[in-house]
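Take a look at the structure below.
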Amino acid sequence: MSAEWLTAIGTIGTFVVIAASALAALMQLRHMRGSNQIIALTECRETLESPEFREAQRFVSYELPQRLTDPQECLKIVQLPFSGEYQAIGTVANFFESMGLFVKTGIIDKNIACDFWSYVVERNWNALLPVTTFVREKLDAQALWENFEYMAALSAEYTKRHPSSYPSDMHHMPADRSLLEFIEKQAPTSGGQVA
């Protein structure tokens, strides 16, 4: 074999090795991205399930809307920075701000995040909307909690497109209405409504 052929074979061999290395590096990056997404999803889930955060969400989603109808409470709520019970506002909004940033930057896939948490995000966004609007205007900070808003907008679109994330080609398991029927029998004067 001539030196030219040996050089050509060596060049092709080098190209194959470099191409294989690049492909392996891309596959490794893809696996790392998946690992980072799993870590971020796990951290979000752990925070959402923590007793402290669950209490903050309960306050924001269920108590805050009622308190916003009381003028005396409104005067307490608008005292910035939030203090006492109203610190829950910042806790919840800042968490969803981080989640929205993770989704916006691709650290967490938006479809996965919405499938998991769209209801929770929308519920908290809607409960906080009067406060968010007030704080944005009062502080002239329209960008405040904009990643939370982004996450809420994504969640609303996702819910509209996917009223159920259950696979359409899969049958549902049968329902067991025994508890519902029991409760309806216990509260006939309230129209079957349970608080």
* Between atom CG of Asp140 and atom NZ of Lys138, what is the distance when rounded to the nearest 0.5 Å? -> 12.0 Å
* Asked: Within the distance-only criterion (no hydrogens, no angle test), does the side chain of Asp115 pair as donor or acceptor with the backbone N or O of Asn111 below 3.5 angstrom?
  -> no
* Structure fact -> In short, Tyr158 meets Ser118 closest at the heavy-atom pair CD2-OG, 4.2 Å
* **Value rounded to 0.5 Å, distance of CZ in Phe59 from CD in Glu85** => 4.5 Å
* To do: Start with the C-alpha gap between Val60 and Val131, add the side-chain angles, then the distance that decides, and say whether side chain to side chain contact (heavy atoms under 4.5 Å, CB included) holds.
  => CA-CA 11 Å; Val60 163; Val131 178; over 6 Å; no
* Nearest non-hydrogen partners of Gly100 and Tyr150, listed with the distance -> O-CD2, 3.9 Å
* Within 6.0 angstrom of Tyr166 OH, more than 12 heavy atoms from elsewhere -> yes
* Asked: Would you find a donor on one side and an acceptor on the other, under 3.5 Å apart, between the side chain of Thr133 and the backbone of Pro130?
  -> no
* **Pro65 to Ala127 - nearest heavy-atom pair and separation** => CG-CB, 4.1 Å
* **Salt-bridge present (Glu49, Arg54; N to O < 4.0 Å)** => no
* Asked: Going hydrophobic residue to hydrophobic residue with side-chain gaps under 4.5 angstrom, can you get from Leu68 over to Leu75?
  -> no
* Asked: Any side-chain heavy atom of Leu80 sitting closer than 4.5 Å to one from Tyr86?
  -> no
* Nearest heavy atoms of Phe53 and Val92, plus distance in Å -> CE1-CA, 3.8 Å
* Does Glu97 use its side chain to pair, donor to acceptor, with the backbone of Phe148 at less than 3.5 Å? -> yes
* Considering all heavy atoms of both residues, which atom of Trp117 and which atom of Cys44 are nearest to each other, and what is their separation? -> CH2-CB, 3.6 Å
* To do: Look up atom CE in Met99 and atom CZ in Phe116, then write down how far apart they are to the nearest 0.5 Å.
  => 10.0 Å
* Leu101 reachable from Phe95 in the ILVMFWY side-chain graph, under 4.5 Å edges -> no
* Side-chain heavy-atom pair Ile89, Val135 within 4.5 angstrom cut-off -> no
* Asked: Which atoms form the tightest heavy-atom contact between Cys114 and Met151, and what is the distance?
  -> SG-CE, 4.0 Å
* **Gap between atom CD of Gln57 and atom CZ of Arg123 - 0.5 Å precision** => 5.0 Å
* **Contact check, side chains of Gln37 and Ile112, non-hydrogen atoms, under 4.5 Å** => yes
* Structure fact -> Rounding to 0.5 Å, atoms CG (Leu129) and CZ (Arg136) come to a distance of 8.5 Å
* Asked: How about Gln72: does its CD atom have over 12 heavy atoms from other parts shown lying under 6.0 Å from it?
  -> no
* Asked: Just by modelled atom types, is the Ser155 backbone N or O under 3.5 Å from a matching donor or acceptor in the Tyr119 side chain?
  -> no
* Would you indicate whether the side-chain heavy atoms of Ser98 and Asn147 approach each other to under 4.5 Å? => no
* To do: Answer yes when Lys160 and Glu157 have at least one side-chain N-carboxylate O distance shorter than 4.0 Å, and no when they do not.
  => no
* Could you tell me the separation between the NZ atom of Lys185 and the CG atom of Leu180, rounded to the nearest 0.5 Å? => 11.0 Å
* Structure fact -> ring-ring contact (aromatic ring centres under 6.0 Å, His included) filter on Phe82, not counting sequence neighbours, yields none
* Say whether Tyr62 and Trp125 are linked into one hydrophobic cluster, either directly or through other cluster members, by side-chain heavy-atom distances under 4.5 angstrom. => no
